[in-house]
2 protein chains.
Amino acid sequence: MATIKDVAAKAGVSIATVSRVLNRTGSCTTETKEKVLQAVEELGYRINLTAKSLKTGQTSVIGIALSGPYLLETPMIIRSALIVLQRQGFAVEVILDASMDTCVTLMKEGRLDGLLLIDMQRDEASLKRLIKTECRFVLLGGDTDREDVNLVQIDFFGGGYAATKHLISRGHREILFAEDNTQLPYTQEIKRGYLFALDENGIPYSEALLKGDSGDSLNKESIGYNSLNRLDIKTNASALLMTNDRIAQGALSAAREMRIKVPAELSVIGFGDHSQSDFSRPSLTSVKVPYAQQGELGAEILVNNIRRGDSIVKRVTLQTQLALRHTVTLHPRKVHGDRP
Amino acid sequence: MATIKDVAAKAGVSIATVSRVLNRTGSCTTETKEKVLQAVEELGYRINLTAKSLKTGQTSVIGIALSGPYLLETPMIIRSALIVLQRQGFAVEVILDASMDTCVTLMKEGRLDGLLLIDMQRDEASLKRLIKTECRFVLLGGDTDREDVNLVQIDFFGGGYAATKHLISRGHREILFAEDNTQLPYTQEIKRGYLFALDENGIPYSEALLKGDSGDSLNKESIGYNSLNRLDIKTNASALLMTNDRIAQGALSAAREMRIKVPAELSVIGFGDHSQSDFSRPSLTSVKVPYAQQGELGAEILVNNIRRGDSIVKRVTLQTQLALRHTVTLHPRKVHGDRP
DNA sequence: TTGAAAGCGCTAACAT
DNA sequence: ATGTTAGCGCTTTCAA
C-alpha cells in the first residue's frame, strides 16, 4: 500500500507538505497542491488512519455497547445512532454482550473516541471506573442515580402508568401484566407505572396477574403466546398489558386460537414502535416509544462532547405516547350492563 | 493513560520485557513476569491497540458492510457474524450504505483486517478494485460470476421454485408474486424460481400478478398490506408468494380486513426465518432462509483466511427449506369440486 | 534472560 | 511556502 512517502516522492515535495495539503492545514501554492493531489490520485493513496490516530490521539471511532447478545432488542436505537455517527464522520464499532467493565477496558485500549451504552446494567462501582478513564460516553436507557453522566432515557414509568390508566378508564380492573425480560430495567419501570396506576385507583395488586420471563428467548412472540396460553382462566383478566409489541402479537395469536375475541372479550396494549403493529388486524393499541429519537440524540450529544470538547452533562428524558388503535375497548361487563 | 513505559518503570525492567510478558513471546524468569504483571495490575494498564496495530500491521478489526441504510434487513446475518467474530477476538465495525468503492477506501485506510460484504451490489469494475487492494473479504449474498472470491450465498432461486411448485401441486394457478425490494438481487432470484416453476407447469406468466416495490419503506407490513389491498379482484389470485415474511403478514392483515379467509380462500407463502411466523394465526407457511448460518459461515471463512493466511477461495451455497404451516391449502375450486 | 534501538505512517512544532 | 525532525506507543531484531 502506498504511504505518504510515496506520494511525497512522486510529487517531488516533502511528506509534511503532503500532510498539509491532505488535511487542509497551513497553506501552499496552488501548484504544489495540484502536484500532490495528482500523485495521490495516481497512487490511489489514502491516509493510514491507524498512524494518524496514534499521532493525534483521536480515532474517530465510536463504540455502541449492548448489554446482551441481541442486536435486535433495540434495532431502532442502533440504527438511528449509527446513521448520525456515520454522517458525522465516525466509524462505529458494535460490541455485543458488553458490561461496564468491558467498556473500561475498551477505552483503555485506546481505539475508541467515545461510547454509547445501551441499556447497560447499572453498577455504581464499574460506572465510577468508567468515569475515571475520562472517556466520553452517553448512557442510553438503564437508569442511574448519578447526576454527572450523560443520559438519554425514556419515561417507561409514565408509559406504563398511562397505558394502565387508559385500561382502567375503560372499566378494566383485572389487568394482566406480562414482561418480556425481567432482567432489563425498562420492564421494571413499566411495571412500577402499572402498579402505581392500580394503586391510585384502589385496585388490589394480584400476584397471579404478573407474568415474567427470564428473557433468554429470541422468540418474543412465543413469550406472549405462552403467557396467555398458560394463564389460569380463573384469573378472569379482561385486559393485557405487555411490555413489548411482539409479545403482544404472540398473545393475540393465542387469543385467536382460544377463540377469545379481541377487543370484545379481551383488551390488549403493547409497547414499542414496531411498524407492524399498525398493520396487524386488529391493529394493536400500543405505547409508542421514541427509540429512534433516543439513538439520534445520544449520538449527537456524544459527538458534540467529543468535537467541542465541552463537558456539559446532558440528561434528557423522552416521553412515550399512547397510540390508540383497535385492541382496547370497554370492559365487557360494562358493555353488557351486568354490574350491580 | 498509562503506557508501556510507565509499566516498565514501575516494574524496573525495559519496555521490551513488558511487551514480551504481555504477548507471551520470548521467555523470562517467573520473577520478572510477576513484577511486570503486578505493575500492569496496579496501573490498570492495557496495551494501546492503535500503537500495536501500527507496528504489526494488523488491527483485529473486521468490517461488516451493508449496502443499504437498513440494519434490520438482514439482522440474523449480522448478529451471527458478529457473535462469531467477537468470540474470535475481533472487533467489528458496521458500515451502513456502503458500496464496493467505499470498501476499497476503507481497506486502504488500513483500519480493517477484513470485510464481510452483505448483499452488496454487484459491479465488476469496483470488485476488481477491491481485489487489487489484496484485502481479505467474503461476499454474503449478492451473486457474482467471478470464481475467485469468497462467497456464501443462498439458493433463493431454489426457494422460489420450491414454494411455487408447492402451490401448484395444491391446484393453484393464479399465484400473485409480491417482492419487497426490486433493487435487491435476492428478490430477482426468487422471481426467477417462481417463473421457472410456472413455465415448467405450462402456466402462462401474467404481468398483473407481479407486484414490485422500490424498497424505500422500512414498513414491510405496509407493502404487503397494499399489495393485496390494491389488487384488482379480477385477477382472481388464489395464492400469494411473498419474498418476505413481514410482507406476508401485512397481506394476511389485509385479507382479514377484506374478509378473505386464509387459507380457505387464499393461500399464502412467505420467505424468511422470522420467529413470529410460527406464532401468528394462522401460522405462516414460509420458506426458511438460513441467514444465521450464512453469517456464521462467512465470518468463519474470513477469520480462517486472516488467521491462517490461506488464500483458498471458498464458495458455498446454502439451501432454503419449505416450512409447512397453516396458510396453504388446496385450491378452492378443487375443494368444492366445481371443476369441469 | 534482558536491554537498546529501529521503525511502523503519520502530524505538528520549529526552522528556513 | 516548504522542509526537517521529533515522537505518538508499540513490537521485534540484534547484541549483550
Side-chain angles (χ1 to χ4, degrees), chain A residues 1-40 43-61 91 105-113 133 135, chain B residues 1-37 39-40 43-61 91 105-113 133:
Chain A
M1 203 81 314
T3 75
I4 197 171
K5 273 187 186 168
D6 302 321
V7 177
K10 183 148 214 154
V13 296
S14 74
I15 60 167
T17 303
V18 176
S19 179
R20 272 187 224 109
V21 171
L22 261 28
N23 293 297
R24 306 182 221 309
T25 99
S27 53
C28 61
T29 9
T30 327
E31 193 193 0
T32 42
K33 192 173 156 186
E34 287 301 321
K35 277 193 299 185
V36 170
L37 257 23
Q38 176 155 1
V40 166
L43 292 167
Y45 171 76
R46 290 247 102 202
I47 297 177
N48 182 310
L49 294 180
T50 306
K52 182 176 191 154
S53 294
L54 180 58
K55 180 66 192 172
T56 62
Q58 299 231 319
T59 61
S60 291
V61 180
T105 302
L106 281 170
M107 290 313 304
K108 285 186 176 172
E109 290 176 337
R111 209 159 42 194
L112 300 180
D113 276 355
T133 67
C135 75
Chain B
M1 202 80 317
T3 74
I4 198 171
K5 273 187 187 170
D6 302 321
V7 177
K10 183 148 214 154
V13 296
S14 73
I15 60 168
T17 304
V18 176
S19 178
R20 272 185 225 111
V21 171
L22 260 28
N23 293 296
R24 304 181 221 311
T25 97
S27 53
C28 61
T29 19
T30 327
E31 193 192 0
T32 43
K33 192 173 155 186
E34 287 300 320
K35 278 192 299 185
V36 170
L37 258 22
V40 166
L43 292 168
Y45 171 77
R46 290 247 102 200
I47 297 177
N48 181 309
L49 261 24
T50 305
K52 181 175 191 153
S53 294
L54 179 58
K55 183 66 195 173
T56 61
Q58 300 231 319
T59 61
S60 291
V61 180
T105 302
L106 281 170
M107 290 313 305
K108 284 185 177 174
E109 290 177 338
R111 208 159 44 195
L112 301 180
D113 275 355
T133 67

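Nothing here was measured: the structure is a model prediction, and the numbers come from that model. Here is the naming used below: chain letters follow the sequence lines, and residue numbers restart at 1 for every chain.
Remark: C1' of C:dC10 and NZ of B:Lys108 are 18 Å apart, rounded to the nearest angstrom. Atom CD in A:Glu109 sits roughly 21 Å away from atom P in D:dC8 (whole-Å rounding).
Sorted by first then second residue, the salt bridge (charged side-chain N to carboxylate O under 4.0 Å, His left out) pairs that include residues 9-28 of chain A, not counting sequence neighbours, are A:Lys10-A:Glu42.
For A:Ser60, the side chain to side chain donor-acceptor pair (under 3.5 Å) criterion is met by no residue, not counting sequence neighbours. Take A:Ile4 and apply the side-chain contact (heavy atoms from CB on, under 4.5 Å) test, not counting sequence neighbours, and it matches A:Ile15, A:Val18, A:Ser19, A:Tyr45. Every residue was checked against the salt bridge (Lys or Arg N to Asp or Glu O under 4.0 Å) condition with B:Glu34, not counting sequence neighbours, and none meets it. Residues that satisfy the side chain to side chain donor-acceptor pair (under 3.5 Å) test with B:Ser14, not counting sequence neighbours, are B:Thr17.
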message: Generate the contact string for nucleotides 10-16 of chain D. Rules: B means base contact, S means sugar-phosphate contact only, - means no protein heavy atom under 4.0 Å.
response: BBBB---

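Among the heavy atoms of the strands, none lies under 4.0 Å from A:Thr50.
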